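See structure below.
Predicted model only: the values in this text are computed from it and were never measured. Each chain gets a letter, A, B and so on, in the order the sequences are listed, and its residues count up from 1.
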There are 2 protein chains.
Amino acid sequence: MLCKSYNTFFQNFANRTNLEIIFLLQKGQMNVSSIVEKTGYEQSSVSHNLKKLIECNILTVESKGRERFYSLNKDTVQPLLKLVQKHVEKNCRGCDKDDS
Amino acid sequence: MLCKSYNTFFQNFANRTNLEIIFLLQKGQMNVSSIVEKTGYEQSSVSHNLKKLIECNILTVESKGRERFYSLNKDTVQPLLKLVQKHVEKNCRGCDKDDS
DNA sequence: ATAACATATGAATCTTGTTTCATATATACT
DNA sequence: AGTATATATGAAACAAGATTCATATGTTAT
């Protein structure tokens, strides 16, 4: 049933840090420093999270010199987010009042 | 950005118990006792998890006498799982060897 | 009214995931 | 070679979510 793969996959989206990174990368590829700067999270934390996202093929990396540029696997992520957005807009209005 | 709603939504899929329940309900609606029996989880645990799935509109309930029948919100869940399945098959072969 | 069955729920416990801290590696620059 | 910059990583500390236990609620049957 590959239940664990599903689990691992979804876990990467069930995490605020990762979600912010993913939303950020929708605008285009970005290196670690920029992600750190834009999100305000610790560099170390960002790297740890990026690693998991890579392991799951939700992101891809490309090295340029000493920098590493991360981008979305748009095949998967884009349609997925669109689906969830539709669901959230329809079903979760006011569910989470204390949102950012 | 509704980040928290996304988070909450995905969290319901990032959980083995919930995933099993969801996969089970793909076959059709089912009452709590049957879910408990088929999955082997505690009744209490199942109920707690069902509650969260309901709050997120991933499932719907219908009461018949003292039983409660749960079914999938197929609008959302079916296409979502299809997408993830495609991703998992393509990208996660062998990722999770110790799977069920 | 009482007993039996189906499900739900609060609080405590247990588990798992995430962040932090310290440090390592890798590339570029002087 | 030595220093600075960019990113990664292991282990400990911390936080958040899941399960369990005990019990409550709600429905049907006798």
Side-chain angles (χ1 to χ4, degrees), chain A residues 3-25 29-56 58-71 95-96 98-100, chain B residues 3-25 29-56 58-71 95-96 98-100:
Chain A
C3 200
K4 196 183 169 201
S5 295
Y6 282 79
N7 196 339
T8 306
F9 176 85
F10 281 116
Q11 202 131 348
N12 276 304
F13 289 90
N15 169 307
R16 203 133 177 189
T17 309
N18 283 9
L19 275 176
E20 282 197 40
I21 292 172
I22 288 167
F23 281 129
L24 201 57
L25 292 180
Q29 67 168 15
M30 199 174 278
N31 69 357
V32 179
S33 309
S34 304
I35 297 173
V36 168
E37 187 190 349
K38 299 265 184 190
T39 61
Y41 293 115
E42 278 248 333
Q43 178 269 312
S44 169
S45 183
V46 169
S47 278
H48 278 298
N49 284 296
L50 286 171
K51 191 185 183 189
K52 288 189 301 169
L53 288 163
I54 285 290
E55 279 168 359
C56 228
I58 292 165
L59 304 183
T60 54
V61 222
E62 202 181 329
S63 294
K64 285 180 191 164
R66 56 190 162 189
E67 293 166 76
R68 312 195 82 204
F69 287 84
Y70 286 84
S71 25
C95 288
D96 300 307
D98 57 329
D99 196 2
S100 64
Chain B
C3 199
K4 196 182 169 201
S5 295
Y6 282 79
N7 196 338
T8 306
F9 176 85
F10 281 117
Q11 203 132 345
N12 275 303
F13 289 91
N15 169 307
R16 203 133 175 188
T17 308
N18 284 9
L19 276 175
E20 281 196 40
I21 291 172
I22 289 166
F23 282 129
L24 201 56
L25 291 179
Q29 68 168 14
M30 198 172 276
N31 69 358
V32 179
S33 309
S34 305
I35 297 174
V36 168
E37 188 191 349
K38 298 265 185 191
T39 61
Y41 292 116
E42 278 249 333
Q43 177 269 313
S44 169
S45 183
V46 169
S47 278
H48 278 298
N49 283 296
L50 286 171
K51 191 184 183 190
K52 290 188 300 169
L53 288 163
I54 286 290
E55 280 168 358
C56 228
I58 292 164
L59 304 184
T60 54
V61 222
E62 203 181 331
S63 293
K64 285 180 191 162
R66 56 190 165 193
E67 295 167 75
R68 310 195 83 205
F69 287 84
Y70 287 82
S71 25
C95 288
D96 300 306
D98 56 333
D99 196 1
S100 64

Report yes if a side-chain nitrogen or oxygen of A/Thr17 is closer than 4.0 Å to either non-bridging phosphate oxygen (OP1 or OP2) of C/dT18; otherwise report no. no
Looking at D/dT7, I'd like to know if its phosphate oxygens (OP1 or OP2) sit under 4.0 Å from a side-chain N or O belonging to A/Asn31. yes
B/Ile35 CD1 to C/dT7 C1', in whole Å, measures 11 Å
Value in whole Å for how far the C1' atom of C/dT18 lies from CG of A/Leu53: 13 Å
Can you tell me the distance, in whole Å, between the CD atom of A/Glu67 and the C1' atom of C/dC29? 14 Å
Proximity to DNA chain D (any heavy atom under 4.0 Å), residues of residues 40-51 of chain B only: B/Glu42, B/Ser44, B/Ser45, B/His48, B/Asn49
B/Asn15 side, atom CG; B/Leu53 side, atom CG - distance, nearest 0.5 Å: 8.0 Å
Could you state the atom-to-atom distance from CZ of B/Phe69 to P of C/dA6 in whole Å? 11 Å
Measuring only between side-chain heavy atoms, which start at C-beta, is B/Lys52 closer than 4.5 Å to B/Asn49? yes
Please examine the side chains of A/Glu55 and A/Lys51, heavy atoms only from C-beta on, and report whether any two atoms are closer than 4.5 Å. yes
For nucleotides 24-30 of chain D, give me every protein contact, N/O to N/O, under 3.5 Å, one pair per line with atom names.
none

Give the C-alpha distance, both sets of side-chain angles, the deciding distance and a yes or no for side chain to side chain contact (heavy atoms under 4.5 Å, CB included) between A/Ser33 and A/Glu67. CA-CA 8 Å; A/Ser33 309; A/Glu67 293 166 76; 6.0 Å; no
Test item: B/Phe13 and B/Leu19 side chains (from C-beta on) under 4.5 Å apart, heavy atoms: yes
Separation of C/dT15 C1' from A/Asn7 CG (nearest whole Å): 13 Å
May I have the distance from B/Asn15 (atom CG) to C/dT15 (atom C1'), rounded to whole angstrom? 12 Å
Could you tell me the separation between the OG1 atom of B/Thr17 and the CG atom of B/Asn12, rounded to the nearest 0.5 Å? 11.5 Å
A/Arg16 CZ - D/dA15 P separation (whole Å): 17 Å
For A/Tyr70, report the nucleic acid contact type (base, sugar-phosphate, nothing); a contact means any heavy atom under 4.0 Å. sugar-phosphate
Assess the pair A/Phe23 and B/Tyr6: is the distance between their ring centroids shorter than 6.0 Å? yes
Drop me the distance from A/Ile35's CD1 to A/Ser47's OG, to the nearest 0.5 angstrom. 8.5 Å
Can a side chain N or O of B/Arg68 be found less than 4.0 Å away from OP1 or OP2 on C/dA6? no
Whole-Å gap separating C1' (C/dT18) and CZ (A/Phe13): 18 Å
Does B/Lys52 have a side-chain nitrogen or oxygen under 4.0 Å from the phosphate oxygens OP1 or OP2 of D/dA18? yes
With heavy-atom distances below 4.5 Å as the criterion, would you say the side chains of A/Val61 and A/Leu50 are in contact? no
